[in-house]
Amino acid sequence: MSQKLCNECILHTDSEICLRNQGLESLHNHCSKVKFNPGETIFKENAINAGVVYLKSGLVKIHTCTQAKDRILRLTKAPSYLCLPSSLGASVNRFTATALEPTEACFIELSTFRQLIVENGDFAYQIITALSQREMNNFHVSLNLGQKQANGRVADALLYLANDIYENDSFVIPFSRQELGDWIGVTRESISRILAEFNATGIIRQEGREISILNKELLEQISEKG
DNA sequence: ACATTAACGGAGA
DNA sequence: TCTCCGTTAATGT
């Protein structure tokens with residue numbers, strides 16, 4: 001991996017920042033790229049932090065496996081930093097990250113990342129902006145789970161996958177019904193029932209894990225009304 | 001309105 | 001074979 005590639009992708013940057021990082025040892029000496037297949041764990045909760053992880057490509061779930069029940073907190077799509085609050089805020093991972101699709105991840109030494117933040121205000125600003133957006137997204141998720149009924153949550157999840165993850169109204173759900181339930185707090189039986197209901201009323205077309213949203217307006221209404 | 005439980009067939013290891 | 005997955009139906013809160 002060349003330094004130019006790192007600067008373009010990890011720093012999201014322009015030549016200005018590159019110039020300011022002349023003093024920094026080339027980034028690729030502090031960075032390694034790893035490929036993961038679906039189902040492979042990128043980092044595990046209760047393990048010592050391996051540093052900061054940047055997602056170059058792919059899709060990952062952040063989840064926690066304590067007390068026998070899996071709980072999915074969020075999906076993270078590349079390009080993005082993977083669960084920074086867990087990496088920066090604690091010496092031990094508080095969550096597990098598992099690839100859902102073929103994924104490339106770059107591991108960056110924490111000291112290197114810290115140096116980039118300290119020396120590049122605009123890079124730091126980008127990070128803060130990204131964290132702020134996630135915070136707002138968390139509010140939405142909280143509202144979704146707190147005051148919506150199951151069909152509203154399922155509708156929300158489908159809209160999220162279509163709008164934010166795949167940017168297409170037809171997509172393949174990247175995990176099982178069980179995991180979908182773990183994500184939005186609904187049992188897998190209810191997921192089955194609700195998807196079958198949506199399918200029967202013509203809101204979606206469902207075939208296994210393949211989903212096509214046919215009536216987006218109605219789906220949005222269901223999501224709003226809960 | 002949902003969860004829970006049970007039961008079934010199918011897929012995959 | 002055993003285990004996970006998706007689905008349906010009956011029953012309980």
Side-chain angles (χ1 to χ4, degrees), chain A residues 34-47 58-78 82-83 93-105 137-226:
Chain A
V34 183
K35 290 183 180 179
F36 294 91
N37 292 319
E40 286 188 318
T41 301
I42 296 173
F43 58 74
K44 207 164 186 176
E45 63 190 296
N46 300 324
L59 184 67
V60 173
K61 66 171 177 179
I62 305 294
H63 56 125
T64 174
C65 308
T66 50
Q67 55 191 211
K69 298 210 169 184
D70 207 34
R71 187 83 181 85
I72 297 178
L73 295 156
R74 166 199 300 153
L75 308 184
T76 300
K77 183 181 75 161
L82 186 56
C83 207
N93 292 326
R94 293 177 56 190
F95 304 105
T96 302
T98 303
L100 293 173
E101 293 175 354
T103 292
E104 288 178 299
N137 185 52
N138 282 342
F139 292 161
H140 176 255
V141 169
S142 183
L143 284 176
N144 186 29
L145 273 80
Q147 52 186 212
K148 277 182 190 171
Q149 294 179 343
N151 57 355
R153 296 186 208 172
V154 173
D156 226 53
L158 295 178
L159 289 170
Y160 174 75
L161 288 171
N163 294 336
D164 295 357
I165 299 294
Y166 294 106
E167 298 173 26
N168 192 319
D169 286 352
S170 296
F171 54 89
V172 178
I173 298 178
F175 37 50
S176 68
R177 307 289 149 110
Q178 178 72 63
E179 290 174 291
L180 179 56
D182 293 338
W183 183 27
I184 61 178
V186 175
T187 60
R188 78 180 203 274
E189 294 92 333
S190 293
I191 301 278
S192 272
R193 187 170 37 78
I194 290 166
L195 285 181
E197 188 184 319
F198 285 177
N199 192 47
T201 49
I203 300 171
I204 64 169
R205 198 179 62 79
Q206 171 224 0
E207 228 179 281
R209 294 187 180 181
E210 294 178 18
I211 298 283
S212 295
I213 296 178
L214 301 179
N215 190 339
K216 204 166 189 174
E217 286 186 10
L218 194 47
L219 202 58
E220 283 163 351
Q221 283 179 25
I222 292 170
S223 168
E224 284 167 18
K225 289 179 182 173

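In what follows, every chain begins at residue 1, and chains take the letters A, B, ... in the order their sequences are listed. Computation of the quantities below employed the complete heavy-atom set of this structure, encompassing side-chain atoms and omitting hydrogens, waters and symmetry-equivalent molecules.
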### Summary
Letter by letter from the 5' end, nucleotides 5-13 of chain C scores (B base, S sugar-phosphate only, - none; protein heavy atoms under 4.0 Å) SBBB-----
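Atom P of nucleotide B:dA3 and atom CG of A:D182 are separated by 12 Å, given to the nearest angstrom.
A distance-only check finds a donor-acceptor pair linking the side chain of A:K148 to the backbone of A:S223 [under 3.5 Å]. With hydrogens and angles ignored, the 3.5 Å screen pairs a side-chain donor or acceptor of A:K77 with a backbone N or O of A:D164. Put simply, the side chain of A:T64 never gets that close to the backbone of A:F95: no donor and acceptor are under 3.5 Å apart. A donor-acceptor distance shorter than 3.5 angstrom exists from the side chain of A:N93 to the backbone of A:K44, with no hydrogens or angles considered. Remark: the backbone N or O of A:I211 is not paired with any side-chain donor or acceptor of A:R205 at under 3.5 angstrom. Using a distance-only test at 3.5 Å, with no hydrogens or angles considered, no donor-acceptor pair links the side chain of A:S142 to the main chain of A:N138. Using a distance-only test at 3.5 Å, with no hydrogens or angles considered, no donor-acceptor pair links the side chain of A:E224 to the main chain of A:Q221.
Using a 4.5 Å cut-off on side-chain heavy atoms (C-beta onward), A:I191 and A:I184 make contact.
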What N/O pairs connect the protein and nucleotides 9-11 of chain B at under 3.5 Å? Give each pair on its own line.
none

